[in-house]
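Position 1 is the first residue of the sequence; numbering continues from there.
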Amino acid sequence: MTQANGTEAATDTLTGERAALLAVLRKQRHFLRFTTRDLTDAQAAHRSTVSELCLGGLIKHVASVERTWADFITEGASSHKNFADMTEADFQQRADEFRMLPGETLAGVLEAYDEVARRTDAMIAGPIDLDATWPLPEAPWFQEREWSTRQVLLHIIAETAQHSGHADIIREAIDGTKTMG
């Protein structure tokens, strides 16, 4: 599917590592999006397990993660707060990523995700240096002190894949529909 801004046409000519990174990321995005097929806004916002997770919220979260890490690629560590510096409002904003808030629609969530994806795809196709590194913000979940652009892209792929699996379980609990199988 060619985007109006021509991003996919430009990325279709990629080869090698960039093409592989983009293909895997697109495949994981597809599986995540696929879990929402034929759902209403209410179903996309429904918590079908004991957790706070819903399909629309997972897509919001993955879009936010991808946007944040794409900012890290272009702006470095200044785009992230250190864990110790996060405020109650920061933690509430993060919690709100995992649910659909009043007035949000599945179509709007998916459109916002598509916008983030187009930006990341263009970045992968562009002149970024996959070996460039940035210091990571201080947080208990980072074992490394810095990540390269390549590691950031691999993290985006892993995050998308992990939440795609969560989404598959949530969708099956809603109406028995499976993403695969």
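At a threshold of 4.0 Å, the pair Arg99-Glu104 does not count as salt-bridged, since none of the basic side-chain nitrogens sits closer than that to a carboxylate oxygen. Salt-bridge formation is detected for the pair Asp175/Arg171: a Lys NZ or Arg NE/NH1/NH2 atom is positioned less than 4.0 Å from an Asp or Glu carboxylate oxygen. Salt-bridge check for Lys60 with Asp96: failed, with every basic side-chain N at 4.0 Å or more from each acidic carboxylate O.
With rounding to the nearest 0.5 angstrom, the SG atom of Cys54 is 8.5 Å from the CD1 atom of Ile174. With values rounded to the nearest 0.5 angstrom, Leu154 atom CG is found 9.5 Å from Trp147 atom CH2. Rounding to the nearest 0.5 Å gives a distance of 13.5 Å between NZ of Lys27 and OG1 of Thr160. For the atom pair Ser164 OG and Ile59 CD1, the distance stands at 9.0 Å (nearest 0.5 Å). Here CZ of Arg67 is found 5.5 Å from OG of Ser64. Values are rounded to the nearest 0.5 Å. To the nearest 0.5 Å, the span separating CZ on Phe98 from CG on Leu58 amounts to 7.0 Å.
Within 6.0 Å of CD on Gln92 lie more than 12 heavy atoms contributed by other residues, nucleotides or ligands. Under a cut-off of 6.0 angstrom, the local environment of CD in Gln162 is crowded, with over 12 non-hydrogen atoms contributed by other residues, nucleotides or ligands. More than 12 heavy atoms of other residues, nucleotides or ligands lie within 6.0 Å of CZ in Arg37, so this atom counts as buried by the packing criterion. More than 12 heavy atoms of other shown residues, nucleotides or ligands fall within 6.0 angstrom of atom CD in Glu146. Atom CD of Glu115 is surrounded by 12 or fewer heavy atoms from other residues, nucleotides or ligands within 6.0 Å.
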Working for side chain to side chain contact (heavy atoms under 4.5 Å, CB included), residues Leu136 and Arg145:
CA-CA 6 Å; Leu136 290 167; Arg145 298 184 67 78; over 6 Å; no
CA sep, side-chain torsions, deciding dist, call: Ser148, Asp131, side chain to side chain contact (heavy atoms under 4.5 Å, CB included)
CA-CA 5 Å; Ser148 68; Asp131 293 318; 5.6 Å; no
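Here the side chains of Leu153 and Ile124 are in contact, with some heavy-atom distance below 4.5 Å. Between Ile170 and Ser48 there is a side-chain heavy-atom pair separated by less than 4.5 Å. Using a 4.5 Å heavy-atom threshold, the side chains of Arg119 and Asp71 count as touching. Leu21 has its side chain out of reach of Leu14: every pair of non-hydrogen atoms, C-beta onward, lies at least 4.5 Å apart. Contact check for Arg29 versus Asp121: side-chain heavy atoms found under the 4.5 Å cut-off. You'll find the side chain of Arg18 reaches within 4.5 Å of the side chain of Leu130, heavy atoms only. Counting only heavy atoms from C-beta outward, the side chains of Asp129 and Thr149 never approach each other to under 4.5 Å. Side-chain contact between Arg150 and Glu17: present, with at least one pair of heavy atoms (C-beta onward) separated by less than 4.5 Å.
Note on Leu32: it clusters hydrophobically with Leu55, by side-chain heavy-atom contacts below 4.5 Å among ILVMFWY residues. One hydrophobic cluster holds both Leu53 and Val109 under the rule that ILVMFWY side chains link at heavy-atom gaps under 4.5 Å. Residues Tyr113 and Phe34 are members of separate hydrophobic clusters, defined by side-chain heavy-atom contacts under 4.5 angstrom among Ile, Leu, Val, Met, Phe, Trp and Tyr. Under a hydrophobic clustering in which Ile, Leu, Val, Met, Phe, Trp and Tyr are joined whenever their side-chain heavy atoms come within less than 4.5 Å, directly or via other members, Val24 and Val62 fall into different clusters. Each of Ile128 and Val116 belongs to its own hydrophobic cluster when Ile, Leu, Val, Met, Phe, Trp and Tyr are linked at side-chain heavy-atom distances under 4.5 angstrom.
Centroid-to-centroid, the aromatic rings of Trp69 and Trp134 stay 6.0 Å apart or farther.
At distances below 3.5 Å, not a single donor-acceptor pair connects side-chain atoms of Thr179 with backbone N or O atoms of Thr35. Without hydrogens or angle criteria, Gln28 side chain to Leu25 main chain gives no donor-acceptor distance under 3.5 Å. For the pair Glu172 (side chain) and Ile169 (backbone), a donor-acceptor distance under 3.5 Å is absent. Checking side-chain atoms of Arg26 against main-chain N and O of His30 turns up no donor-acceptor pair under 3.5 Å. In terms of modelled atom types and a separation under 3.5 Å, the side chain of Asp41 and the main chain of Leu106 share a donor-acceptor contact.
Side-chain contact, Thr120 with Glu66: a donor N or O sits under 3.5 Å from an acceptor N or O.
Using cut-offs of 30° and 60° on the angle between ring planes, the pair His61 and His163 is perpendicular.
For the residue pair Thr105 and Met100, the shortest heavy atom distance occurs at C-CE, 3.5 Å.
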